[in-house]
Amino acid sequence: MGLTKQYLRYVASAVFGIIGSQKGNIVFVTLRGEKGRYVAVPACEHVFIWDLRKGEKILILQGLKQEVTCLCPSPDGLHLAVGYEDGSIRIFSLLSGEGNVTFNGHKAAITTLKYDQLGGRLASGSKDTDVIVWDVINESGLYRLKGHKDAITQALFLREKNLLVTSGKDTMVKWWDLDTQHCFKTMVGHRTEVWGLVLVSEEKRLITGASDSELRVWDIAYLQEIEDLEEPDPKKIKGSSPGIQDTLEAEDGTFEMDEAPEDRILSCRKAGSIMREGRDRVVNLAVEKTGRILACHGTDSVLELFCILSKEEIQKKMDKKMKKARKKAKLHSCKGEEEDPEVNVEMSLQDEIQRVTNIKTSAKIKSFDLIHSPQGELKAVFLLQNNLVELYSLNPSLPTPQPVRTSRITIAGHRSDVRTLSFSSDNIAVLSAAADSIKIWNRSTLQCIRTMTCEYALCSFFVPGDRQVVIGTKTGKLQLYDLASGNLLETIDAHDGALWSMSLSPDQRGFVTGGADKSVKFWDFELVKDENSTQKRLSVTQTRTLQLDEDVLCVSYSPNQKLLAVSLLDCTVKIFYVDTLKFFLSLYGHKLPVICMDISYDGALIATGSADRNVKIWGLDFGDCHKSLFAHDDSVMYLQFVPKSHLFFTAGKDHKIKQWDADKFEHIQTLEGHHQEIWCLAVSPSGDYVVSSSHDKSLRLWERTREPLILEEEREMEREAEYEESVAKEDQPAVPGETQGDSYFTGKKTIETVKAAERIMEAIELYREETAKMKEHKAICKAAGKEVPLPTNPILMAYGSISPSAYVLEIFKGIRSSELEESLLVLPFSYVPDILKLFNEFIQLGSDVELICRCLFFLLRIHFGQITSNQMLVPVIEKLRETTISKVSQVRDVIGFNMAGLDYLKRECEAKSEVMFFADATSHLEEKKRKRKKREKLILTLT
């Protein structure tokens with residue numbers, strides 16, 4: 001590697017400073033058998049599991065690139081389904097923290113995930129308007145449900161019946177029959193988007209939340225049950241004309257859009273509305289597992305709780321009302337009115353669904369989750385807008401329940417965006433400051449060591465010695481803090497406007513500040529005596545002021561302390577002599593103001609980054625522009641040289657950090673990870689670490705590795721990544737608005753499915769070659785009259801010298817279950833005849849019958865026309881039919897036998913445990929008797 005310059009690669013090391021990101025929802029998870037203690041929270045592309053009792057992060061479910069948009073724990077509590085921005089879904093095991101299952105089927109962000117009661121199926125709704133039902137056990141898609149015209153907001157499985165109900169932003173609520181996979185009912189009683197949907201009262205009631213302050217309540221009646229009861233149903237009047245039918249239903253508020261009413265599975269009638277206190281839209285509507293507590297919130301910080309009464313409680317209420325009414329009636333009749341009138345009591349919806357209380361959180365609610373503990377206590381956990389998690393508990397059975405905040409997670413992040421970052425001189429401490437607080441982090445453990453309240457911080461640095469820090473604020477103040485005690489030592493009014501930038505002098509005796517009041521001020525450190533204590537403390541004193549014509553945006557000392565660079569609002573950078581403050585150079589060429597700049601360690605170069613998206617590299621000796629680089633797709637927000645080199649980092653509003661070489665004007669590498677604009681970054685004094693902060697509330701640490709980075713390879717990798725992205729987008733129509741044929745299948749073409757198809761093709765080709773070789777070998781042996789050694793294929797040797805057909809089977813077994821159908825779909829038909837012949841072999845041998853049958857039926861379905869018209873394949877299909885039927889029935893028999901065996905064992909265990917239970921009970925009784933006898937003896941002796 002003599003000629004090419006060697007660079008070292010920086011890689012993402014950690015994400016910290018974020019407690020929970022806004023896009024996803026918070027959920028309670030069961031860990032180590034404990035419920036209500038741990039919560040899963042989306043954190044950019046990862047999922048963090050927090051312990052609410054200790055306030056600690058105990059597990060990170062590692063994501064790839066895309067942001068998390070939806071979480072749903074499985075009913076058994078062992079898994080967590082995570083939906084991402086790009087439409088993929090991963091299922092993580094909460095025991096190991098690994099995501100083994102991936103589903104790709106949606107084209108846009110996942111908006112809702114719901115398991116069915118047993119956890120065998122998962123329904124996902126997306127912004128692409130589709131609902132897909134996945135088989136979690138077989139790791140494959142079952143079917144895609146199309147019908148909504150806008151993003152799906154909620155999907156729920158019914159417990160008793162094989163039905164699914166979904167709501168969308170298209171104002172519709174749709175009922176799907178999962179046996180036939182079609183929508184049999186559309187409710188159009190809403191005038192606005194339906195944001196939430198819950199089933200209560202043993203699934204006899206549906207409650208929907210829309211963009212107003214009404215929660216609409218619908219009564220569900222299953223028609224089979226109505227027929228059983230033989231009640232006359234007004235909606236089944238034979239003689240009524242269709243017009244009358246429609247008006248009847250329109251009055252109910254559910255104008256139905258389906259075929260003849262007889263074809264329906266259930267009927268929905270509007271029962272009324274519950275009024276919320278909030279005037280805005282419902283953001284989240286949920287009911288906790290027992291179905292007793294209903295909760296909802298809008299775009300504010302109030303969660304409203306309602307209690308849904310059970311049949312018994314409603315009956316009690318009715319009886320009470322009846323008594324009262326009778327008393328009243330008696331009183332009236334006593335006053336000389338006519339004898340006993342008919343007493344009639346109506347139960348209103350407000351009596352059945354009662355308001356419990358409101359929970360007011362400290363900031364706007366983004367999402368929440370509820371859990372009912374066996375002791376009757378209700379816990380509500382909230383993810384708030386300002387990067388905060390709060391837990392409240394209350395007892396809903398009390399007459400006036402008071403919510404109490406039991407814990408909150410705050411230390412691990414700022415409430416607002418971090419605007420400034422600095423490293424201490426020993427590379428160990430990192431300072432981050434936001435609108436209300438300063439935090440000091442330990443770089444190696446990523447723990448927050450100190451939190452100090454401050455004003456809106458814009459710039460900062462560690463005072464030499466790392467014992468104090470200086471902060472410049474939006475109001476123009478300088479704030480000096482002591483790190484050991486965490487106290488504010490002094491506040492100085494430095495500028496009249498915002499204090500945008502500070503630069504520590506190379507001799508470390510002072511610093512310079514630049515502000516929006518068009519001045520640059522020079523400060524020196526000094527030790528002053530405090531009135532309260534005998535010891536001296538650090539302070540600063542102003543020495544000189546340089547007045548300019550424009551607001552100062554950025555200041556920077558040259559390393560030899562001879563020059564000072566000042567960037568102004570007029571898009572220029574002016575360079576002055578430090579000693580005389582005389583003007584030396586003006587660097588002009590940017591079209592918009594220079595937001596950031598830095599001077600290299602040897603004072604030879606100055607790099608400037610501007611809002612015009614360009615970075616310019618200038619020589620400091622003559623002020624000539626060496627190169628202008630188009631650096632980012634949006635404003636360049638921060639720029640800093642790596643110490644002792646001419647490499648520098650830039651951060652942009654386009655969510656990217658880039659590294660550049662200022663000598664060769666090369667772009668070295670791009671660090672991608674942030675999901676929103678990046679505000680600032682800091683390079684450690686050793687150059688080994690970079691830390692960055694972004695509007696997504698996260699701080700990210702990047703680490704320099706020992707791995708050399710070769711530019712040609714880097715560009716090659718970038719091109720490959722671009723190609724892989726384009727593969728997934730190939731299916732999209734060329735003309736906007738053009739609709740393609742409905743994709744019946746649940747999967748979607750990704751680079752993984754293309755690679756899997758290629759592996760199958762390679763395996764079939766290898767099988768063809770090897771079988772041809774074997775034929776040749778046999779002919780040679782015949783001709784020679786003796787056994788000639790056959791050279792083995794190295795690939796087959798690597799698999800343990802297996803036969804070519806067994807190798808093909810291995811390849812099929814190696815394909816992920818969720819990608820199987822999609823990879824077979826990509827496969828050209830020329831490979832199908834060979835595959836069918838091989839499948840016949842495999843099924844006869846009885847190897848992986850389930851997998852092979854799944855592939856076989858899928859291939860038959862998609863290539864039906866070509867297979868049936870091909871005369872050569874008729875005998876193959878005939879053979880396959882015989883072997884498949886016999887083998888599948890064999891497998892079924894084995895499974896049936898095993899099920900019966902397991903049932904028997906279960907019954908045995910239950911019988912044993914009952915015996916154990918009785919034994920326990922008798923031993924307890926004996927113990928009690930013994931204790932009673934002892935007590936009686938004691939009393940006797942005492943008396």
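Not measured: the values here are computed from a predicted model.
Annotation: side chain of L61 is in contact with side chain of L80 (closest heavy-atom distance under 4.5 Å). Residues I764 and L838 meet the side-chain proximity criterion, which asks for heavy atoms closer than 4.5 Å. The closest side-chain heavy-atom distance from S124 to K114 is not below 4.5 Å. The shortest distance between side-chain heavy atoms of V888 and C853 falls below 4.5 Å.
For CZ of R881, the number of neighbouring non-hydrogen atoms (other residues, nucleotides, ligands) closer than 6.0 Å is 12 at most. More than 12 heavy atoms of other residues, nucleotides or ligands sit less than 6.0 Å from atom CZ of F630. Heavy-atom contacts from other residues, nucleotides or ligands closer than 6.0 Å to CD of E910 number more than 12. Within 6.0 Å of the NZ atom in K813, the count of heavy atoms belonging to other residues, nucleotides or ligands exceeds 12. Around NZ of K57, the count of heavy atoms belonging to other residues, nucleotides or ligands within 6.0 Å exceeds 12. Counted within 6.0 Å of CD on E850, heavy atoms from surrounding residues, nucleotides or ligands total 12 or fewer; the atom is thus considered open.
In the model, T883 has a side-chain atom that pairs as donor or acceptor with a side-chain atom of N840 under 3.5 Å. Defined by atom type and a distance below 3.5 Å, a donor-acceptor pair is present between the side-chain atoms of Y7 and D661. Between W134 and S140, the side chains place no donor N or O within less than 3.5 Å of an acceptor N or O (distance only, hydrogens not considered). A side-chain donor from one of H646 and D663 sits under 3.5 Å from a side-chain acceptor of the other. For the residue pair E770/Y807, the side-chain donor-acceptor check at 3.5 Å is not satisfied. S13 and W702 share no side-chain donor-acceptor pair at under 3.5 Å.
For S847 (side chain) and F842 (main-chain N/O), a donor-acceptor pair under 3.5 Å exists by modelled atom type. Using modelled atom types, no side-chain atom of R704 and backbone atom of R9 make a donor-acceptor pair closer than 3.5 Å. Within the 3.5 Å criterion, the main-chain N or O of E819 finds a donor-acceptor partner in the side chain of S823. Looking at D696, its side chain does come within 3.5 Å of a backbone N or O of H675 through a donor-acceptor pair. T111 contributes a side-chain N or O that, together with a main-chain N or O of G125, makes up a donor-acceptor pair within less than 3.5 Å. Between the side chain of H667 and the main chain of Q669, a donor-acceptor pair closer than 3.5 Å is present. A donor-acceptor contact shorter than 3.5 Å links the side chain of S889 to the backbone of I885. Although no hydrogens or angles enter the test, the distance criterion places no donor-acceptor pair under 3.5 Å between the side chain of S126 and the main chain of H106. R90 places no side-chain N or O within donor-acceptor distance of the main-chain N or O of G63, the cut-off being under 3.5 Å. Although no hydrogens or angles enter the test, the distance criterion places a donor-acceptor pair under 3.5 Å between the side chain of S803 and the main chain of A806.
Rounding to the nearest 0.5 Å places CE of M899 at 13.0 Å from CZ of R892. A distance of 7.0 Å separates CD1 in I110 from OG in S88, rounded to the nearest 0.5 Å. Rounded to the nearest 0.5 angstrom, K786 NZ and C781 SG are separated by 10.0 Å. With rounding to the nearest 0.5 angstrom, the OG1 atom of T750 is 7.5 Å from the CD atom of E822. Annotation: the span from T129 atom OG1 to L145 atom CG amounts to 11.0 Å, rounded to 0.5 Å.
E85 pairs with exactly one of K23, K65, K107 by the salt bridge (Lys or Arg N to Asp or Glu O under 4.0 Å) rule, that one being K23. Put simply, the residue from V136, L178, D135 that forms a side chain to side chain contact (heavy atoms under 4.5 Å, CB included) with R121 is L178. Paired with Q659 under the rule side chain to side chain contact (heavy atoms under 4.5 Å, CB included), one option of T670, I668, V690, L671 passes, and it is I668. Each of H632, K658, K656 was evaluated against T650; a single residue qualifies, H632, per the side-chain hydrogen bond (donor to acceptor under 3.5 Å, both in side chains) test.
Salt bridge annotation for E765-R768: absent, with no cationic side-chain nitrogen under 4.0 angstrom from a carboxylate oxygen. With respect to the salt-bridge test (charged N to carboxylate O, under 4.0 angstrom), the residues E718 and R715 qualify.
For F649 and Y10, the ring centers are positioned less than 6.0 Å apart. Proximity of the aromatic rings of F839 and F812 is defined here by a centroid distance below 6.0 angstrom, and this criterion is met.
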Stepwise salt bridge (Lys or Arg N to Asp or Glu O under 4.0 Å) test for E716 and R719 | CA-CA 5 Å; E716 183 66 32; R719 283 195 292 274; 3.0 Å; yes
Working for side-chain contact (heavy atoms from CB on, under 4.5 Å), residues E45 and Q62 = CA-CA 7 Å; E45 68 271 33; Q62 296 281 348; over 6 Å; no
